[in-house]
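The structure appears below as structure tokens.
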Amino acid sequence: MNITGFELPLMLLVTVNAMLAVTTARRTAWVGLGLMIIFAALLEFHPTGSISYGLIARLAALGLALLIAMPDGIFTTAGFRSDLAPRQIVAALVAHPVVAASAVAGLLLGSIPLALPIETSNAAVRAAGIALLMIGVPPLLTSRYVEATSRAALVAISGTLLLRASIFGALEPIAALAFSAGLATVLIVGARVASTIAAGDES
Amino acid sequence: MSSVEITQTMAIVRAIFPLLVALASLGILPLMRHRAFGAEKDAGDRAARAAISLLVLSALGTLLAGASYASTAQIGQTLIDPSEPGRLMAVLGGLVFALIVAIGEGRRAGVMGQLALFGIAGIDSALALPIGLAPIAILLFTGLAIGGVAAGGKDDPARARAVFRDLRTITLLLPAVVIAEILRSTISLSTTDAAYATPTSLGAGAVLALSLAALGASGAFPFHNRLVRIFESLPIVGSLMVGVWIPTAISLIVIGEIATIANGITEPIGGAVVPALVLAGVVTILFGAISALLHDDIGEIIGFLAVGNAGWIALAAAAAVNTPADPSSRLLAVPGALTMSLFGLWLIALRRRYGTTSLLALSGWARKTGAIMVVMIGALIALVALPPGVIIGARLTVLANAGGPLAGLLSVIGQLALIAAALRLFVTGFTEQSSTVKRTQPLRANNPLTVALLVGALAIGAGAAGWFSVEIGGSTPLTPPASSSPLPPDVSPSPDATVAP
């Protein structure tokens with residue numbers, strides 16, 4: 001395994017935050033999603049030397065999209081204090097053992113060099129990618145909660161991009177720009193659709 | 001500015017002309033809505049007229065720019081090399097959507113025109129970027145964004161659910177595209193290293209993953225519900241762009257990729273891939289046709305006709321695996337998009353006139369509105385591809401190359417049922433007029449919009465039926481992508497490496 005200094009903690013942080021984005025609600029989920037986006041982008045673009053324009057585009061587009069997509073009234077200190085309490089977070093994760101098991105299975109599967117060119121790829125990035133796919137894809141197929149499913153979509157696409165980056169490296173500038181815009185679209189459209197469906201269900 | 005710089009700037013303008021027009025619309029349309037240009041109540045009409053003008057400008061400019069070497073630009077490390085199919089779709093799309101927006105009118109006509117502009121720009125750009133499989137992802141994201149904006153006019157949960165279904169599908173298709181990219185990149189490695197799987201099995205895997213992307217995007221079985229919901233709930237411009245035009249561009253990329261992979265492997269890629277694609281194609285055509293015959297809402301019927309069209313894309317993908325050098329599999333995509341656009345034009349003209357989409361309430365429509373009847377005649381000519389020529393020849397070649405006689409027979413039966421479903425729409429127009437139809441004023445023949453509708457419908461129908469040979473441009477192979485290759489292995493010595501004596 002060619003796990004270098006900062007990749008191992010990033011891999012774990014990406015996975016935990018992806019789990020939070022899918023399993024929790026309200027502030028914890030949005031914070032988890034935001035952190036997952038940042039850590040996944042750092043893993044994907046590997047900013048060791050010069051500044052990557054792809055990384056800047058990704059963080060700027062998704063930061064803006066997060067601000068647009070987040071529900072109103074979410075920024076309250078008391079709300080953050082109660083929602084982000086460690087006990088609450090642990091309870092949410094414990095309540096979803098299947099997601100936790102999927103994440104662990106994804107990390108293990110990704111860490112083991114499989115066939116194909118994957119044996120020359122970056123193990124930490126690959127493990128994080130497969131873990132994110134294992135966390136994000138099942139809710140896409142089964143979940144009835146639209147908002148959580150939209151966040152799962154973002155987790156799954158980030159996992160796909162990490163898996164690709166582990167083998168081919170970071171995206172070309174134009175492709176990186178297109179994917180940044182695409183991920184932002186998924187976030188905004190998902191949030192808008194979720195609020196419309198929720199409003200329709202209530203009425 | 002030196003002459004070299006002027007040439008380079010012109011090349012960039014030509015290379016990204018549809019995108020430039022789409023971006024310009026972001027400034028022009030709000031400007032046209034401003035009260036400085038007229039009364040507030042006419043703001044929507046002015047915006048719609050501006051959008052229609054920009055669509056025509058985009059089409060004509062793209063036609064003049066062409067796909068030659070002079071339109072190729074290098075921006076940074078990225079080569080933008082417009083392809084002939086991309087340019088053809090941009091030219092035809094600009095004109096077709098200009099007509100649809102003009103006929104559709106309405107409060108959101110300007111926004112719809114803008115969506116069409118961005119959809120066309122997305123198609124042209126994606127087909128101009130030889131950067132591996134990323135163009136498929138660009139098109140999928142463009143489709144999602146257009147669906148999201150098209151659904152945003154009113155808080156309709158049905159529309160939101162259709163877009164949500166689209167979001168789910170696209171998210172599931174992206175891993176398939178990346179898996180195809182990974183498998184494709186390993187084919188060259190497997191020829192030299194026995195540790196890898198065989199080139200044939202890797203090629204089959206890549207083709208299967210790519211086909212999944214094409215089936216999902218175009219709405220073939222088992223993704224047909226997505227397409228039906230889109231046509232049921234989204235405005236017609238959004239439906240056509242998300243459900244037909246963008247999938248057509250994706251299918252052109254996928255079929256081109258499949259042909260390249262199949263060409264590069266000496267043994268035939270068979271296994272379960274071709275039968276799966278043929279089964280999906282046949283089931284899709286039959287399902288679309290039978291459903292179209294059983295439904296009474298013309299929005300749903302057009303959706304099912306689009307599903308039938310998607311079945312031909314699946315069959316074309318199967319034919320591309322078996323006979324990669326044959327251009328017939330690429331020949332059907334653009335005429336299919338034109339045919340469905342004509343049905344969309346008919347739908348929006350009818351809905352605009354009578355305010356309903358129920359076929360029962362529209363009995364006798366053709367006797368009352370002759371101009372709309374001409375649109376349906378154009379659509380029928382396009383669907384049947386009369387007189388028999390290159391399109392029917394391509395369909396038969398695809399059937400012969402894709403599967404056995406049973407699959408061919410079932411596909412022909414399905415196509416005949418699709419034609420029967422369209423004929424049912426036509427014949428309903430000659431039955432006794434319903435109260436809704438009786439109440440409506442007939443169209444004036446000297447109205448410029450009516451003239452545009454007649455001329456446009458006949459031109460689109462003739463183009464889709466192969467009279468002008470426009471479909472040939474869509475069958476030109478795309479620029480081959482730069483082959484992605486895995487990162488080189490880390491060559492730095494590990495700490496525990498020992499030096500050989």
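Nothing here was measured: the structure is a model prediction, and the numbers come from that model.
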* Check B/R168 against A/T142 and note the closest heavy-atom contact, atom names and distance. => NH2-C, 4.3 Å
* Asked: Going through the checks in order, is the side-chain contact (heavy atoms from CB on, under 4.5 Å) test met by B/F141 and A/I157?
  -> CA-CA 11 Å; B/F141 284 136; A/I157 297 173; 4.2 Å; yes
* Report the distance from atom CD1 of B/I182 to atom OG of A/S166, rounding to the nearest 0.5 Å. => 6.5 Å
* **Toward chain A, the part of B/L144 with a non-hydrogen atom under 4.5 Å** => both
* Asked: Taking everything shown except B/R14 itself, do over 12 heavy atoms lie less than 6.0 Å from its CZ?
  -> yes
* Asked: In terms of heavy-atom pairs under 4.5 Å, which option from A/L133, A/V137, A/V186, A/L141 contacts chain B the most?
  -> A/V186
* What are the two closest non-hydrogen atoms of A/I197 and B/A160, and how far apart are they? -> CG1-CB, 3.6 Å
* Structure fact -> So CG of A/L163 and CD1 of B/I179: to nearest 0.5 Å the spacing works out to 7.5 Å
* **Check: A/T149 and B/F164 side chains under 4.5 Å, non-hydrogen atoms** => yes
* Asked: In terms of heavy-atom proximity below 4.5 Å to chain B, should A/A199 be classed as side chain, backbone, both, or neither?
  -> neither
* Looking at B/L167 and A/A153, what are the two nearest heavy atoms and their distance? -> CD2-CB, 3.6 Å
* Side-chain touch A/F179/B/I138, heavy atoms, less than 4.5 angstrom -> no
* chain B contacts, top residue of A/T185, A/T160, A/I188 (heavy-atom pairs, under 4.5 Å) -> A/T160
* Structure fact -> The reported gap from CG in A/L140 to CG in B/L172 (rounded to nearest 0.5 angstrom) is 5.0 Å
* Asked: Looking at CG of B/L129 and CD of A/E172, how far apart are the two atoms once the value is rounded to the nearest 0.5 Å?
  -> 9.5 Å
